[in-house]
Amino acid sequence: MSFGILSSGPQATLQAAPRRRCRHLGVPASGPMDALSSALANRLVGNSHDATAIEITLGGFEAQCRAPMVVACTGADTALEIDGRSAELHTAIGIEAGETISVGYPRYGCRSYLAVAGGFDATVWLGSGSTYLPGGVGGFDGRDLKTGDVLELQSPSRPLPSDQTQTPVDCRPTMSESWAIRACPGVDSNDRVENAFFGSVFRLSNRTSRMGGALDGPLIPDVPQMTLPSAAVFPGTVQCPPDGRPFLLMADAQTTGGYPQIAQVIRADRHIMGQIRPGDRVRFLRSDPDAAADILRAKSALFENWLEGPFELV
């Protein structure tokens with residue numbers, strides 16, 4: 001079975017599980033920017049939650065199914081069409097050979113996740129089929145998808161779900177243009193930095209990618225400006241360069257950095273970062289490590305029954 005790309009939109013990549021236990025080698029995690037939405041799409045078509053799916057950034061995507069298959073689309077609040085007919089998000093949909101799937105520009109949110117029963121074939125590198133664009137590895141020849149690409153599908157390993165299987169309403173993330181994200185103060189923070197950072201509203205700038213994004217808003221005062229030795233950073237780390245303008249690291253973030261680390265987004269809320277699009281408002285809410293651990297356990301438990309097995313947000 002195969003799947004032909006008619007239009008890839010601004011950016012579409014194959015993403016699966018993040019690369020684990022590789023950061024000490026200088027290898028970023030990659031994987032879905034919104035791991036929760038990717039897991040929900042895979043659940044609808046009967047895959048494991050970290051099977052390979054297509055991450056579609058800001059819509060403009062169209063593909064043709066070259067065999068009958070079951071598909072599902074989750075994530076951003078967007079228009080989904082099957083052969084020109086309106087279709088529901090968060091729903092398993094049977095597709096006939098020759099029919100097309102279109103994912104439009106989102107009303108809210110940034111990234112959509114398109115899964116097919118069985119999952120997409122991907123080049124596995126260091127244990128993951130996720131695309132890491134700066135390194136040119138994983139996914140589809142290590143690059144984003146282009147018009148004319150043909151993706152091969154894996155055979156489903158489980159019975160196909162029935163049409164119209166839907167994500168329960170209480171498991172569907174809410175999309176918005178204004179976001180609240182919980183974060184802990186960083187190792188290089190201080191009282192004035194924390195008061196400014198946690199008390200301000202920022203907007204994600206156009207200077208953004210899967211590696212990270214600059215935040216427009218009030219400049220952060222009193223950030224330590226001394227030369228710092230490079231230290232470990234992770235998706236969700238908020239660094240602050242000398243200009244006082246915070247920078248939020250995302251799924252493809254480097255593994256070390258020398259700018260002061262003023263905050264760290266809690267693990268349970270990292271999936272939200274993938275849905276912030278340029279111009280959206282972002283407010284960071286102060287948390288602490290103990291609370292972050294409790295939130296992660298509770299939020300993961302909320303989805304475990306629906307995702308049919310142990311699930312922990314990454």
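Small disclaimer: the values here were computed from a predicted structure and weren't measured. Any value given below was found using the heavy atoms of this structure, including those in side chains, with hydrogens, waters and symmetry copies removed.
A heavy-atom distance below 4.5 Å is found between the side chains of L151 and I5. Between S102 and F61, the closest side-chain pair of non-hydrogen atoms is not below 4.5 Å. Using a 4.5 Å cut-off on side-chain heavy atoms (C-beta onward), R43 and T167 make no contact. In this structure, C73 and V103 have side chains that are in contact, with non-hydrogen atoms separated by less than 4.5 Å. At least one side-chain heavy atom of K146 sits less than 4.5 Å from a side-chain heavy atom of D144. At a threshold of 4.5 Å between non-hydrogen side-chain atoms, the residues L133 and T131 count as touching. Two residues are said to be in side-chain contact when any heavy atoms from C-beta on lie closer than 4.5 Å; F234 and Q261 fail this criterion. A 4.5 Å side-chain heavy-atom check between I101 and V71 finds at least one atom pair inside the cut-off.
Rounding to the nearest 0.5 Å gives a distance of 10.5 Å between OG of S2 and CZ of F120. Separating the CD1 atom in I272 from the CE atom in M33 is a distance of 13.0 Å, to the nearest 0.5 Å. Of the inter-residue distances, the one linking M273 atom CE with I181 atom CD1 reads 7.0 Å to the nearest 0.5 angstrom. Atom CZ in R182 sits 4.5 Å away from atom CD1 in I266 (nearest 0.5 Å). Taken from CZ in R66 to CG in L153, the straight-line distance is 11.5 Å, to the nearest 0.5 Å. Taking CZ of R19 as the start and CH2 of W125 as the end, the distance is 6.0 Å to the nearest 0.5 Å.
Closest approach of A76 and P106 over heavy atoms only: CB-CB, 3.7 Å. Residues S7 and T147 share a closest heavy-atom pair of CA-OG1, 3.7 Å. The minimum heavy-atom distance linking D288 with D290 is given by the pair OD1-N, 3.1 Å. Scanning all heavy atoms of the two residues, the minimum distance from G213 to L204 falls at CA-CD1, 3.9 Å. Between A35 and V314, the shortest heavy-atom contact is CB-CG2, 3.8 Å. Here the closest heavy-atom approach between residue M211 and residue P134 is recorded as SD-CG, 3.9 Å.
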What's the verdict on side chain to side chain contact (heavy atoms under 4.5 Å, CB included) for V265 and T237, showing C-alpha distance, side-chain angles and the deciding distance? CA-CA 6 Å; V265 173; T237 297; over 6 Å; no

Dump the intermediate steps for side chain to side chain contact (heavy atoms under 4.5 Å, CB included) on T255 and L25, then the final yes or no. CA-CA 9 Å; T255 59; L25 302 174; over 6 Å; no

Determine whether D170 and R172 satisfy the following criterion, salt bridge (charged side-chain N to carboxylate O under 4.0 Å, His left out), listing intermediate values before the conclusion. CA-CA 6 Å; D170 60 355; R172 300 185 187 189; over 6 Å; no

As a quick check of understanding, evaluate side chain to side chain contact (heavy atoms under 4.5 Å, CB included) for F3 and E152, giving each step before the final call. CA-CA 6 Å; F3 193 85; E152 297 299 325; over 6 Å; no

With side chain to side chain contact (heavy atoms under 4.5 Å, CB included) as the criterion, how do Q15 and D50 come out once you've worked through the C-alpha distance, each side chain's angles and the decisive distance to 0.1 Å? CA-CA 9 Å; Q15 299 295 337; D50 56 1; over 6 Å; no

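Side-chain atoms of T208 come within 3.5 Å of backbone N or O of G212 as a donor-acceptor pair. Side-chain N or O atoms of S130 include one that pairs as donor or acceptor with a backbone N or O of A16 at under 3.5 Å. In terms of modelled atom types and a separation under 3.5 Å, the side chain of R192 and the main chain of D222 share no donor-acceptor contact. Judged by distance alone, with hydrogens and angles left aside, the side-chain atoms of R277 form a donor-acceptor pair with the main-chain N or O of G109 at under 3.5 Å. Between the S189 side chain and the P185 main chain, no donor and acceptor come within less than 3.5 Å of each other. A side-chain donor-acceptor contact under 3.5 Å links Q264 to the backbone of P235. Within the 3.5 Å criterion, the main-chain N or O of E96 finds a donor-acceptor partner in the side chain of E99. Between the side chain of R270 and the main chain of M250, no donor-acceptor pair closer than 3.5 Å is present. With hydrogens and angles disregarded, no donor-acceptor distance shorter than 3.5 Å links the side chain of T165 to the backbone of A92.
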Side-chain donor-acceptor contacts of residues 295-305 below 3.5 Å, not counting sequence neighbours, with atom names and distances?
residue : atom : partner : partner atom : Å
R297    : NH2  : D294    : OD1          : 2.4
K299    : NZ   : A268    : O            : 3.0
K299    : NZ   : D269    : OD1          : 3.1
K299    : NZ   : H271    : NE2          : 2.9
S300    : OG   : L296    : O            : 2.9

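Within the structure, the side chain to side chain donor-acceptor pair (under 3.5 Å) test picks out the following pairs touching residues 31-42 (sequence neighbours left out): D34-S37, D34-Q275, N42-N47. Each salt bridge (charged side-chain N to carboxylate O under 4.0 Å, His left out) pair with one or both residues in residues 53-62, not counting sequence neighbours, appears once here: E55-R111, E55-R210. Pairs passing the salt bridge (charged side-chain N to carboxylate O under 4.0 Å, His left out) check and including a residue from residues 254-268, sequence neighbours excluded, read R267-E312.
Looking at C240, P242, P246 one by one, the single match for side-chain contact (heavy atoms from CB on, under 4.5 Å) with Y259 turns out to be P242. Shown are T13, I54, I56; of these, the side-chain contact (heavy atoms from CB on, under 4.5 Å) with L145 is made only by I54.
In this model, no donor atom of one side chain and acceptor atom of the other lie less than 3.5 Å apart for S178 and S176. Side chain to side chain, T91 and Q166 meet the donor-acceptor criterion of an N or O pair below 3.5 Å. Of the N and O atoms on the side chains of D216 and S205, not one donor lies less than 3.5 Å from an acceptor on the other residue.
Look at D77 and R107 and you find a salt bridge, because one of the NZ, NE, NH1 or NH2 atoms lies within 4.0 Å of a carboxylate O, short of that distance.
At a threshold of 4.5 Å between side-chain heavy atoms, the hydrophobic network of Ile, Leu, Val, Met, Phe, Trp and Tyr places L248 and W179 in one connected group. Criterion: ILVMFWY side-chain heavy atoms under 4.5 Å apart, direct or through other members. Under it, V27 and V137 are part of a common hydrophobic cluster. Residue F284 is not grouped with residue V233 when hydrophobic side chains (ILVMFWY) are merged at heavy-atom distances under 4.5 angstrom, including chains of intermediate members. L89 and V169 fall into different hydrophobic clusters, where Ile, Leu, Val, Met, Phe, Trp and Tyr residues are linked whenever their side-chain heavy atoms come under 4.5 Å apart, directly or through other members. Hydrophobic clustering (ILVMFWY, side-chain heavy atoms < 4.5 Å, transitive): M69 and L14 are in one cluster.
Within 6.0 Å of atom CZ in R85, more than 12 heavy atoms from other residues, nucleotides or ligands are found, so the atom counts as buried in its surroundings. Heavy-atom contacts from other residues, nucleotides or ligands closer than 6.0 Å to CZ of F198 number more than 12.
Annotation: side-chain contact (heavy atoms from CB on, under 4.5 Å) contacts of P10 (sequence neighbours excluded): L58. Contacts of V201 classified as side-chain contact (heavy atoms from CB on, under 4.5 Å), with partners at least two apart in sequence or in another chain: R281, R283.
Classification of the F197-F202 ring pair by plane angle, with boundaries at 30° and 60°, yields tilted.
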